[in-house]
Asks: 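Below you will find the structure I want to go over with you.
Please read these numbers as outputs of a predicted model, since none were measured by experiment.
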Amino acid sequence: MANSKQAIKRIRQNEAVSAQNTMQKSAMRTAMKKAEAAIANNDENAQELLKDAIQKLDKAANKGLIHKNTVARQKSRLTKKAQ
């Protein structure tokens with residue numbers, strides 16, 4: 001257990017940031033799965049879902065949640081499936 005005030009605050013901040021990161025990663029994964037399902041089923045909103053997934057991937061890369069090369073690979077695979 002932390003003894004100083006600053007260590008206690010740091011723990012509190014880390015928990016908040018971790019929760020935000022978890023939510024953002026989860027939303028990104030969900031968007032990717034929705035886009036893949038729409039592309040597989042030839043839905044009319046597949047392009048919109050693809051665009052949303054790419055935006056979430058880019059945001060995760062900018063925030064440092066996922067490596068930029070991983071994001072590039074995932075975006076490439078999604079767009080390749082869409083064609």
Asks: Give the minimum heavy-atom separation between Ala60 and Gln24, together with the two atoms involved.
Replies: N-NE2, 4.0 Å
Asks: Hey, could you give me the OG1/NZ distance between Thr30 and Lys33, rounded to the nearest 0.5 Å?
Replies: 6.5 Å
Asks: What I want to find out is whether Lys34 reaches Asp52 closely enough, with some N-O distance under 4.0 Å, to be called a salt bridge.
Replies: no
Asks: For Glu15, enumerate each residue passing the side chain to side chain donor-acceptor pair (under 3.5 Å) test, keeping only those at least two apart in sequence or located in another chain.
Replies: none
Asks: I'd like to know if the side chain of Ser76 and the backbone of Ala72 have a donor-acceptor N/O pair within less than 3.5 Å.
Replies: no
Asks: Apply side-chain contact (heavy atoms from CB on, under 4.5 Å) to Leu57 and Leu78, showing your working.
Replies: CA-CA 11 Å; Leu57 282 166; Leu78 273 176; 4.3 Å; yes
Asks: Counting C-beta onward and ignoring hydrogens, is there a side-chain heavy-atom pair between Ile66 and Met28 closer than 4.5 Å?
Replies: yes
Asks: Mind checking whether Lys9 and Gln6 have side chains closer than 4.5 Å, heavy atoms only?
Replies: no
Asks: For the atom pair CG (Leu50) and NZ (Lys75), what is the distance rounded to the nearest 0.5 Å?
Replies: 10.5 Å
Asks: Determine, stepwise, if the pair Gln55 / Asp58 fulfils side-chain contact (heavy atoms from CB on, under 4.5 Å).
Replies: CA-CA 5 Å; Gln55 286 176 343; Asp58 286 335; 5.8 Å; no
Asks: Output the distance between atom CZ (Arg12) and atom CG (Asn14), rounded to the nearest 0.5 Å.
Replies: 11.0 Å
Asks: Output, in order, the C-alpha distance, side-chain angles, deciding distance and verdict of side-chain contact (heavy atoms from CB on, under 4.5 Å) for Gln47 and Lys51.
Replies: CA-CA 6 Å; Gln47 290 299 320; Lys51 185 178 176 183; over 6 Å; no
Asks: Rounded at 0.5 Å granularity, tell me how far NZ in Lys56 sits from OG in Ser26.
Replies: 9.5 Å
Asks: Restricting to non-hydrogen atoms, name the atom on Ala61 and the atom on Val71 that form the minimum distance, rounded to 0.1 Å.
Replies: CB-CG2, 3.6 Å
Asks: Provide the closest heavy-atom pair for Ala35 versus Leu49 in the form atom of the first, atom of the second, distance.
Replies: CB-O, 3.8 Å
Asks: Compare every heavy atom of Lys81 with every heavy atom of Ile39, then report the nearest pair and how far apart it is.
Replies: CG2-O, 3.3 Å
Asks: Output the distance between atom CD1 (Ile54) and atom CE (Met32), rounded to the nearest 0.5 Å.
Replies: 10.0 Å
Asks: I'd like to know if the side chain of Arg77 pairs up with that of Gln74 as donor and acceptor (distance under 3.5 Å, no hydrogens or angles considered).
Replies: no
